[in-house]
Amino acid sequence: MKGINRARTGLAGAVATFTILALAACGGGGSDTAGDGGDTGDGGSDLIRVGFSQLGAESGWRTANTESVKESLSADNGFDLTFVDAQQKQENQIKALRDFVAQDVDVIAFSPVIETGWDEVLQEIKDSGIPVVLVDRTVDTTVDDPFVTWIGADFKAEGTTAGEWVAENAPDAKIFELQGTLGSGAQVDREEGFGEVVGDQIIGKASGNFTRAEGKTAVEAALQAYPDMTMIFTHNDDMGLGAIEAIEAAGKVPGKDIQIVSVDGVRDGLQALVDKKFNFVVECNPVFGDQLAELITKVADGEDVPKETIVIDKAFDQTITQADVDARAY
Ligand code: GZL
């Protein structure tokens with residue numbers, strides 16, 4: 001097993017330390033775990049054992065992110081990955097995290113569906129000594145220093161970029177904001193960034209939970225509630241594609257009667273831009289599995305890592321071509 005840098009604390013740590021000292025005193029040796037059936041360090045697996053709790057499969061972004069994570073955290077690349085999909089339910093993530101502690105994995109990685117509600121399980125993980133790598137979304141917790149490093153996008157900057165395009169290109173727009181999962185880092189920060197720039201143009205808000213179906217339902221209601229709406233700012237492409245369905249069903253032209261500004265830049269979203277149904281898309285790049293693998297390896301080897309790694313985003317307008325879209329990796 002790679003040198004796992006785990007300064008175990010709490011009871012688990014005490015048991016582990018005692019076990020190792022006892023084994024050394026008795027001439028035993030090799031076990032670097034608390035006799036819980038973990039690797040022996042000789043003849044045991046050399047793979048880094050990673051428990052990954054993915055929040056769900058709610059969007060094209062998440063699908064691309066999952067593919068990237070699984071492709072990078074492969075056995076060929078030196079990982080023994082346990083990957084659990086939580087179907088956008090926090091209770092499922094908390095159960096998975098506790099299972100990873102019970103399995104005594106080397107590193108825990110997860111993308112928290114919402115920012116709050118993690119204090120108890122994060123403290124349990126901290127007490128176990130297993131390092132946490134936070135992926136994509138962020139947490140708001142009272143636990144001191146709960147993770148070693150975070151990798152993801154600057155959600156507030158994405159909202160600001162979208163707002164700046166609106167201020168420049170549609171200063172009189174009456175905007176309905178179609179928000180992601182309420183209380184998620186992506187929703188909170190995109191709302192903040194966008195609102196700081198063009199908040200006085202927003203006439204209404206509702207959540208579509210980052211899914212196409214819920215986005216369509218929310219926009220069907222919004223079209224009734226806000227008949228003077230001229231623009232939708234959607235926190236992701238999937239909800240924006242649902243908005244297109246609702247707008248067309250109402251006999252209006254998306255991209256013209258009601259402009260759409262979106263975030264993510266998945267292929268279907270950029271295709272809507274080529275088709276002139278979206279007007280502007282801020283990218284949120286999900287393909288960072290290789291960077292994540294590098295971070296996890298360093299964490300497992302006890303090497304220093306930056307507290308955060310920001311994934312670089314671009315932005316696209318209707319000058320994008322079909323060739324550009326076809327060339328995209330996701
Ligand atoms: C952003 C990510 C968001 C995407 C959505 O990094 O957390 O979650 O914008 C996805 O498509 O559902």
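Read the numbers this way: they start at 1 and go in the same order the structure lists the ligands and their atoms. In this text, all values refer to a predicted model and were calculated from it rather than measured experimentally.
- Closest heavy-atom approach to atom 7 (O) of ligand 1 within the set Asp136, Asn65, Asp313: this belongs to Asp136.
- Close contacts between ligand 1 and Glu58 involve ligand atoms 8 (O), 10 (C), 12 (O) [criterion: under 4.0 Å to a heavy atom].
- Between Asp238 and ligand 1, not a single N/O pair is under 3.5 Å apart.
- On a distance-only criterion, Asp264 and ligand 1 share at least one N/O pair closer than 3.5 Å.
- Between the side chains of Gln93 and Ser53, a donor-acceptor pair is found at a separation under 3.5 Å.
- Distances below 4.0 Å separate heavy atoms of Cys284 from the following atoms of ligand 1: 1 (C), 6 (O).
- A cation-pi arrangement is not found for Lys205 relative to Phe176, the charged atom failing to lie both closer than 6.0 Å to the ring centre and inside a 45° cone about the ring normal.
- With a heavy-atom cut-off of 4.0 Å, Arg190 touches ligand 1 through its side chain alone.
- Leu295 CG to Leu134 CG: the interatomic distance, rounded to the nearest 0.5 Å, is 11.5 Å.
- Salt bridge absent: Glu177 and Arg190 never bring a charged side-chain N and a carboxylate O closer than 4.0 Å.
- Taking CD from Glu115 and CD from Gln90, the interatomic distance works out to 11.5 Å, rounded to the nearest 0.5 Å.
- Counting the atoms of ligand 1 from 1 in the order shown, those under 4.0 Å from a heavy atom of Ser59 are 5 (C), 10 (C), 11 (O), 12 (O).
- Residues Glu245 and Lys277 are not paired through a salt bridge, judged by the lack of any N-O separation under 4.0 Å between the basic side chain and the carboxylate.
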